[in-house]
Structure formats: C-alpha cells, structure tokens
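The structure under discussion appears below in the form of structure tokens.
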Number of protein chains: 2
Amino acid sequence: MARLGKRGRLPGIVDVAERAKVSPATVSRYFNDPDIVRYRTRERIRKAVEDLGYVRNRAMRSMVGGATGSIGLVIPTIDNAIFSEMLQAFSSALATHGRTMLIAAHGYDLAREAVLVHSLSEQRVDALALIGLEHRPETLAQIERQGIPAAMLWNYRPDQDWPCIGFDNELAGRLAAEHLLALGHRDILFATAEERSNDRAADRRRGALDAVRGAGLPVPEGRRIVCPYDIRMSKELIAGTLRAGDRPSAIFAGNDVIAQGALFAATSLGIRVPDDLSVIGIGDFRGSDAFEPGLTTVRIPARRIGQLAADALVETIDWPEADFHHEHCCPLELIVRGTCGSPSAAG
Amino acid sequence: MARLGKRGRLPGIVDVAERAKVSPATVSRYFNDPDIVRYRTRERIRKAVEDLGYVRNRAMRSMVGGATGSIGLVIPTIDNAIFSEMLQAFSSALATHGRTMLIAAHGYDLAREAVLVHSLSEQRVDALALIGLEHRPETLAQIERQGIPAAMLWNYRPDQDWPCIGFDNELAGRLAAEHLLALGHRDILFATAEERSNDRAADRRRGALDAVRGAGLPVPEGRRIVCPYDIRMSKELIAGTLRAGDRPSAIFAGNDVIAQGALFAATSLGIRVPDDLSVIGIGDFRGSDAFEPGLTTVRIPARRIGQLAADALVETIDWPEADFHHEHCCPLELIVRGTCGSPSAAG
DNA sequence: AACGGGTTTGCAAATGTTTTCATAACCATC
DNA sequence: GATGGTTATGAAAACATTTGCAAACCCGTT
C-alpha cells in the first residue's frame, strides 16, 4: 500500500525537509537547482527522499506559476496508421524534453474538438497541438484567451495566423495526379476521404483535380468516390466501381490506406496492377513498401512533423518572449514503386 | 492574447466570485454541485464565468485532495497497429468518464518503463495502466508506494497480484498452432517477435510450441525465426527462409503484422497461399480481412480490452474502498479465412 | 411580529510547492 | 580575532481551490 507521510497523505516536500533537518525551501532548491545547495545538505536530502519515497508533485509546482509539464495533442483519431507514426515521434521527442503527452481524439468532429480543447485547458497543458488548419472559432478563441502556445500540424498553407508545421496537401495531391498524367492516364478514379472536418483531404483532392483539369481533362461525377480510412471498406467500395463495365485506367487514392484497399480490390477481381490498372497513394505508410508490387505513393514526413512540432512547442514554452517563426512546410517526395504504369492499349 | 484576471494571471475562481458578487466558495460549489446553489445565484455566476472566460483548474483542485482527472497509459509503442485500436477505445471510454489520457511509450524497454512510471507519478495520475505482466520490481514498488490504482493490460494469467485485463496469450498461440496441426501440417515455421521485455510474445510462442510438441512433432532450431513488428522487415526475413530449398508447409506468425509480411513474401516468390503455403496470424488487425486471400488469424478483442480497462480504472478511482475483482480474461476466437489449407501432397 | 426549519452562503483554514528577502554560516585575509 | 565578501539556508508570503462550520436568509406558521 501507499507509504504515507506524517499527515496521512503521500509524503510531501515538508516531510522530506523535516527528515533531512532542513527547510522546505532547501528541498525545493535541491530539485530545481541542485548546485546551489551544499554537498553535505544535498546528501541528507537525497537520503530523506529515498527513505520516504518522495515523488515531486508537478500539479503543485504549476500553482506558483510553473508549468504542468504536459502538452496536449488533439487528433482526429488514434487507431489509424495515418497519425500513429507522427504520434510516436511527437511523444518521444517530448519525453526527451521531460514533458508528457496528453492526448485526445475527436473522431473527425470539430465540435467535439472544441470540447476537448476546453478539457485540455482545464488540465492547464503548457501547449497544444491540433491537426489541420480549420477549426471552430470557439476552439481558437479558447486557445487565445487562455494564452496557450499552440501549433497546427499536418497541413501547411502560407500566411496562417497560427504556427503550422506540416506539408502542402494540395501539392501532395497534385504530385500524385501529375505522375498519373505523365504516364498517360486520361481516365482516373478519385477515391478520397470524406472532406467534412478534414481540410487535409479536401486540399489533396483539390490539388489532384486542379492538375487533371489543368491538363484539359474532365472529371465526371462517376469518377469520384468517397472512402473511409479503412482498408476493408475502401476495398469494397472500389471493387464495386471496378466491377462496373467502364473501368478507369488508374486510381488516385487520397491516402495509402485507400490505395491498399484498391490494390486488394484489384487482386480480388483478377485485375493486374500495374498492367491493367495503376494505383497511387499518399502517405507512404509503414508497410506500403512491402506490397506486391510496392505501392507508388507520395511520402509524407510524418516522423519529422512530430519531432518538429514537439521541439517547436517546447521552445515556445521555454522562451515565451522570443517570437519564433514556427512554420515548416516539410518537403514531399514521390516514391515510385510498382503500382503505376502506362495505360494499356485496351484502356 | 490571453485575457487576464485582476491579478495579471488567468482569471481564477476569486475573480469570478468578485464579479458575481459571491464568495469563492459558492463558485466552487456552482461547479462541483450546482444543485445546492440557488438559481438566481447560479445565473449570476454563469454570466461571470462567461464574461471572464474562466476555465477551472484541475491541477489546483487536486491540491485539496481531489483527483487530477488524468489517467496514465504506459505502452511499448504507439506507432504500431498492435495497440492503436485498444488505445483508441481506452481513450474514448475515458473521455466519456470525463478523464483524459496521459500516454508514454517505452519502446519495449522495461528499464525505461520504470522511468515513465515515475514521471507519470509526478503528474499525479489518478490511475495507471501498463501493458503485460512482467515489469521491473522498482516499477511495481513505485506504483505501490504511491498507492496508484493500476491495471495490467493485454496479457492474462490467473492468480496475479495485480488486476489484469487481457487474454490468454498462451492459448492464442495454441489455438493457432492447433489449427495448423488439424489441417495436417507437420513442418511449421515459427516467426515470432523478440521476447525480451515482451511476455505476450513469449507466451504465444510457448503455447504454440507446446501444442506442436504435444503432437509429438519436433521443432528444429532452423524453424524458428525472430521478426520485428514490421511488415517490410518480416517480409524480408521470411522470404529469406522461404527461398532456402527445404520449405515449411505452414507459417505460424506471432501476430498479424508478421503474417502479412509472410503473405507478401510468398507473393514475391510466387508461392501460392494457401495451396503451397499456409499462414496463420494472431490479432485480426484492421485490414487483415482485406487481404487476398483473407488472413486466417486469432482475433484479439482489442477494443474490448481498452474499454474494460478504462471502466475498471475509473471504478477503482471513484470507489477506492470497494475491492473490485478486476480480472478479465477476454475470449479469443479463431477466424478462419483463406490463408490456411491442408499441406499439398508435394509438401 | 416573532418563530422555526430548511436552504443557501460566507469565513477561514488547509493543501504542497516556489520564491523573495533577509539572515546565518562559512572562509580567506588582514 | 575582527572584517568583509561570498555562499547557503530559513521564514513567510503567494498561488487557486475545496470544505467544515457557522451565520444569514427565506418562507410559511403561529
């Protein structure tokens, strides 16, 4: 059971002080700036801390103007390959800075996002990271009013009001589409994610469509389907479209999960990739390179975004005065593997 | 910028009190037990809170003996399909209870796990969830000394000292192996995860090996390889083994990621599944059903574990006296899809 | 108008830590 | 052994909230 201090609670700084025969102030200094306490005293305190099993209390420290040491991350969803790499990088970068990560998922619901931001404010997070650039006004108002350092992740557009660290989703869409166009595709199926509450998905599709229309090609309504971020469901939806007689020569997938679904759909229908059908994704998730053939995709520097975001936020916390320009538009890279080829003569 | 209260900081409960012309105590009651404050007063406070943009401060509340409202989860890794479903369920179940989730990953390093537990103790989490049953003594000592309610997740063995919510990993291994045996396989390759700091992986392999040896079959050293939880690397390792002349008739994969790697390895070598090679996994991750053919596997009730764990911990926090018996051994289910068949006559 | 009972509110103490300012201890030098 | 200059420590205030206790209030009865 819990070892109790004098007052029946967990041992506090004053219990340690008593035992080490010093004042609480000295114990505080022992932790926050050990060098200014004499060696002999330090040893006595060290021993007392060890005997009592004292653990510092960050909640209390935050009272006197200190920080809580926890940083909030508000994310659409956790159980998805999309963000988990970034999450991991963010989390471990924070750990190296001695911070911990409070995380909350809103399930692509911006109204819920506002609630989560409020809840994280109650926890007095030292900083906040949100995904995407579009948020409810009350969400942003809350953050501003509380004066919480914040950054918007994953999407990048120039001239934003908030620090943003991400990449150009429109460009990602364009790069993928242009690759298909360059290979000679003229009939492309656009399988993209639901765009409500998801500016990233919207930007990608816009980029892709702009490229195609810029090439003077039409994009009929029937060539656009909305897929969830789920391999199984994407597979079924895309298979449904492919089964119809008039088959596109290529599929532009809003992300790798959808692309993987497309690949399986093709396999299940006996359609050869890339001979009879080309597929391109966005993301380059772990595992996309293992497919047979390997998925051609646009690589998103997920780990880098997580790392940069953590560093940026900690920097802002530690030097509140300095007005850093935390804007990073991470470079994208087209990864050509085996799922894209020129359209067959038949197509 | 941040809207400041009278004392230059964020508005506090006393700023609200002043503005509503009541005492701080009443404001406190307004939040914690609204019914005991009169309607007229309540309205005045509501207005003051709104005007000032006051946000309650959980860290402060915890001072007077209250809870911080955050629950810690210590996990081997985030960026992996393995845990993310559980994570999501855990997180959203906590949210419905008005709690937030502090999460930290140790990268399958139990020494680091101890550090993380200490760090979470400093944050005064109300409860703690760890993955697996084996932990450093100092980790457990820390939790006990601090009196933090804790639960061990993901693995289940009877008669544990700690509440545990998970499933029988040994049984999972046995179920998978027995399925292969029942189909007539006699030469099985065991592709399992590194077992240091991973009791789940060890239990699964033990279960599988026991089943095979119980059937009187040998398991030569060459039929056991260690794979990381990574599709690409698993694919390469397994392809290396399959390329060797003497090929097994089936692969037992320690989890679905490894199994997926095996499937791609087979495809890349032109080995037909299930005709020339059977593959079975453990986990039934999202997407495993989309493979062609669908992956035969043992389903782990990941979401259920997350949900149960969250409920159990919150229950323990809210009724510290009651001595709940929080032990759940979630049932497993063999999911037969298309990757397992009888060994070909040639095998 | 005084009374009575329940409901609502205020006062003040308590919580664990940091921090400012003042004092005490130390050490080298004369 | 007195002096002066560091350096190390202590006392007390401050932080934002909750809570036990007591006082004030309200409203219907006498």
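Chain letters run A, B, ... following the sequence lines, proteins first, then strands; residues in each count from 1.
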Does the side chain of A/S23 get closer than 4.0 angstrom to OP1 or OP2 of D/dA11 through an N or O atom?
no
Taking salt bridge (charged side-chain N to carboxylate O under 4.0 Å, His left out) as the definition, give me every residue that meets it alongside B/D318, ordered by chain and number, with sequence neighbours left out.
B/R99
Counting the atoms with a prime plus P, OP1 and OP2 as sugar-phosphate, which does B/V27 contact under 4.0 Å by heavy atoms, base, sugar-phosphate, or nothing?
nothing
Under a plain distance cut-off of 3.5 Å, with no hydrogens placed, do B/T77 and A/Q88 share a side-chain donor-acceptor pair?
yes
With salt bridge (Lys or Arg N to Asp or Glu O under 4.0 Å) as the rule and sequence neighbours excluded, what pairs involving residues 84-97 of chain B come up?
B/E85-B/R303
Which nucleotide sits closest to the side chain of B/A25: D/dT18, C/dC11, D/dT9?
C/dC11
Atom CZ of A/F31 to atom C1' of C/dT17: distance rounded to whole Å?
12 Å
Where the side chain of A/S28 is concerned, which of C/dT18, D/dT9, D/dT17 is the nearest nucleotide?
C/dT18
Using a 4.0 Å heavy-atom cut-off across all strands, classify B/M63 as base, sugar-phosphate, or nothing.
base
For B/Y54, report the nucleic acid contact type (base, sugar-phosphate, nothing); a contact means any heavy atom under 4.0 Å.
sugar-phosphate
Once you round it to whole Å, what is the distance between P of C/dT9 and CG of B/D35?
12 Å
Between A/Y30 (OH) and C/dT18 (C1'), how many Å, whole number?
17 Å
Could you tell me how far apart A/R61 (CZ) and D/dT17 (P) are, to the nearest whole angstrom?
20 Å
Round to a whole Å and report the spacing from CD1 of B/I36 to P of D/dT18.
12 Å
Lys/Arg-Asp/Glu bridge criterion (N-O < 4.0 Å) met for A/E134, A/R157
yes
Under 4.0 Å between any heavy atoms, over every strand shown, what does B/R29 touch: base, sugar-phosphate, or nothing? Just pick one.
base
B/T26, nearest nucleotide to its side chain (from C/dG10, D/dG10, D/dT18):
C/dG10
Please pick, from C/dT17, D/dT18, D/dG10, the nucleotide with the shortest atom-to-atom distance to any side-chain atom of A/I13.
C/dT17
Pick the closest DNA chain C nucleotide for A/R40 and for A/P24 by heavy atoms, then say which residue is nearer the 5' end.
A/P24
Tell me which nucleotide among C/dG10, C/dT9, D/dA16 gets nearest to the side chain of B/N57.
D/dA16
Between D/dA16 and A/R124, is there an OP1 or OP2 to side-chain N/O distance shorter than 4.0 Å?
no
Would you mind reading off the distance between A/E122 atom CD and D/dA16 atom P, rounded to a whole angstrom?
16 Å
Using whole Å, what does the distance between atom C1' of nucleotide D/dA16 and atom CE of B/M60 come to?
5 Å
With a 4.0 Å cut-off, would you call B/D51 and B/K47 a salt bridge?
yes
Length of the line joining A/Y39:OH and C/dA25:C1', which is rounded to integer Å
20 Å
